[in-house]
Amino acid sequence: MDSRIKHITVASYAHPELYPPILSALEGLSGQVGQIKVITRNTLISKWTYPKNVEIAYVNKKAYYGFGIEHISIGKKIKHFFRFVKMIKSSVIRNSSEILIVHDIIPLFTAYLLRRLLKSRNIKLWYHNHDVADQTKSGKYSLMGIAARFEDKAFKEIDLFTLPSKERLKYFPIERLNSSPIVLPNYPLLSFYSEDEIKTVHKDQHVIKLVFQGSIGAGHGLEDIIPLLADNIEGKKLELHLVGKIREPYLKLLNNLANEHGVVDYFKYHGIKSFADLPKYLSQFDVGLAIHKPYNVTYTTGGTASNKIYEYAACGLPVVLFDNNHYRDYLEQFEWTYFTDVSESSLLKVFSKLKNNLDRDSKKARQDFELSFNFELSFKRYLEPVLLNLNTSND
């Protein structure tokens, strides 16, 4: 990698630690670039140790944890956005950034507003999309709604477009691009999910501990699994553990369901855990749940975009997935993947198969992560050559 790239500015309206793929990208880029400055909002307690050449700059001095950022006044939201734009502009000028990386639709809109500055300074624009914007769920005059309406125009300004799933390409105006888009799967860092972190936790031989981690809500089969916690799977009890962000009404619904079926002792919500603690924490469980009912674009195209699938594999957990052609196309050939339509009979069949193969599946999942599903391999294969070309085009 050519070391002539001295500075990159990164813009993310969501905190990087809420999007593990951003952390992976920062780790990969940090070894190839002189300095990186990340402009973002302060929405959680940071526990991630960033590389020494990565600086995090917050738009809001006061932190808003959990769902708190959603409830601030319109005035503060406007103030945050304009400060976001101002800080990006200041960074690219003061640091003579060669590349501006924007994550998702609002930072892309910001880059569009700054397009004349970027062109005048020959700053390359790299757009990475994590989630396709659903305009039907965004108010016409909300920041998200406004940003989405400018997406088509903004694509003409992009020098590099990356996204985690090829199935999502049809939702973007890629014909406006000057270069071919690159699919960069949401695979975890091999360096972060080290083997030492995941092999030290003892697992109970009399229980199958299911875990769902991430953003917790409807569409993941949780309501279908809770009634089955009363069942005995060939001598083993089932437990369901949830780790991540959840809204109070939905948690109450799940707790009521667990109480209704008399399984409160086998259902537990663990709260939000720092991503920095995830490898060792996930390792105490036996099976990872990555069921995504195909309700929207995100869920129907998650084969390489759902980072939790590969985080489970990195921790040696077999994975339960929704049974449709998309997920089967990507993952059916692996011994550690199981598919369900979330019917009672389907789930019980999956859990019975899992019970007999936990040790084998754990080893296979970890092995495939090391050989194929880690970020370092993707970075070297897809991004290093492109970064070199971006830098060369600046000369």
Side-chain angles (χ1 to χ4, degrees), residues 13-15 17-20 43-45 63-72 104 130-134 136-139 142 144 208-231 238-275 277-278 281-282 284-285 287-302 305-309 311-312 317 319-324 327 340-344 346-347 350-351:
Y13 219 52
H15 197 288
E17 288 161 57
L18 295 174
Y19 279 83
T43 57
L44 82 170
I45 299 172
Y64 295 93
Y65 301 136
F67 295 101
I69 197 72
E70 297 177 3
H71 304 297
I72 64 176
D104 282 336
H130 295 282
D131 295 306
V132 178
D134 186 351
T136 64
K137 295 184 178 180
S138 302
S142 69
M144 183 70 76
I208 300 175
K209 295 183 178 181
L210 312 173
V211 63
F212 181 92
Q213 68 90 10
S215 295
I216 305 165
H220 302 295
L222 304 178
E223 301 99 315
D224 305 285
I225 292 173
I226 286 176
L228 304 183
L229 301 182
D231 292 334
L238 285 175
E239 293 181 0
L240 176 59
H241 299 262
L242 307 182
V243 182
K245 206 171 173 182
I246 188 171
R247 295 184 186 276
E248 191 60 35
Y250 187 66
L251 179 58
K252 184 177 180 180
L253 182 153
L254 295 181
N255 279 323
N256 288 343
L257 192 59
N259 186 62
E260 176 186 334
H261 289 275
V263 295
V264 290
D265 292 339
Y266 308 111
F267 172 70
K268 184 173 182 181
Y269 171 57
H270 294 260
I272 299 173
K273 300 298 177 183
S274 166
F275 183 73
D277 300 328
L278 207 55
Y281 195 81
L282 284 181
Q284 69 183 291
F285 304 108
V287 178
L289 300 175
I291 299 170
H292 300 305
K293 294 182 181 179
Y295 289 159
N296 56 32
V297 174
T298 298
Y299 290 171
T300 57
T301 59
S306 177
N307 47 287
K308 65 167 54 67
I309 295 173
E311 288 164 357
Y312 292 145
L317 304 186
V319 182
V320 179
L321 301 145
F322 189 75
D323 193 354
N324 67 5
Y327 289 100
T340 179
D341 61 9
V342 299
S343 65
E344 179 179 347
S346 172
L347 285 167
V350 163
F351 296 146

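Computed from heavy atoms alone, side chains included, the values below leave out hydrogens, waters and symmetry copies. Because the structure is a prediction, the values reported are computed rather than measured.
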*Would you please name every residue forming a side-chain contact (heavy atoms from CB on, under 4.5 Å) with Glu260, sequence neighbours left out?*
Leu257

_side-chain contact (heavy atoms from CB on, under 4.5 Å) involving Leu251 - partner list, sequence neighbours excluded_ = Ile246, Glu248, Asn255, Tyr269

*When you look at His130 and Tyr19, which way does the ring pair (Phe, Tyr, Trp, His ring centres under 6.0 Å) test go after all the steps?*
CA-CA 8 Å; His130 295 282; Tyr19 279 83; 4.9 Å; yes

*asked:* Under 3.5 Å, is there a donor on one side chain and an acceptor on the other for Tyr299 and Asn324?
replied: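 Result is no, nothing qualifies.
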
[Y] side chain reached by [X] side chain, heavy atoms, under 4.5 Å:
{"X": "Leu18", "Y": "Leu44", "result": "yes"}
{"X": "Thr300", "Y": "His292", "result": "no"}
{"X": "Thr298", "Y": "Val132", "result": "no"}
{"X": "Phe275", "Y": "Glu311", "result": "yes"}

Looking at [X] and [Y], would you say the former's side chain and the latter's main chain have a donor-acceptor pair under 3.5 Å?
{"X": "Tyr266", "Y": "Ala258", "result": "no"}
{"X": "His261", "Y": "Val263", "result": "no"}
{"X": "Tyr250", "Y": "Gly217", "result": "yes"}

Can you name the closest pair of heavy atoms from [X] and [Y] and give their distance?
{"X": "Phe267", "Y": "Leu254", "result": "CZ-CB, 3.7 Å"}
{"X": "Val319", "Y": "Ala290", "result": "CG1-CB, 3.7 Å"}
{"X": "Tyr295", "Y": "Gly219", "result": "CE1-CA, 3.4 Å"}
{"X": "Leu222", "Y": "Ile216", "result": "CD1-CG2, 3.7 Å"}

_Whether Phe212 and His220 hold their rings parallel, tilted or perpendicular, with breakpoints at 30° and 60°_ = tilted

_Short N-O contact, Asp341 and Lys293, less than 4.0 angstrom_ =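 Between Lys293 and Asp341 there is no salt bridge, as every charged N stays at least 4.0 Å from the carboxylate O atoms.
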
_Residues in side chain to side chain donor-acceptor pair (under 3.5 Å) contact with His241, at least two apart in sequence or another chain_ =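 Testing His241 for side chain to side chain donor-acceptor pair (under 3.5 Å), a comparison that skips the adjacent residues, returns Glu239, His270.
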
*Out of Val287, Asp323, Thr340, which residue meets the side-chain contact (heavy atoms from CB on, under 4.5 Å) rule with Val350?*
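Testing each of Val287, Asp323, Thr340 against Val350, the sole residue satisfying side-chain contact (heavy atoms from CB on, under 4.5 Å) is Thr340.
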
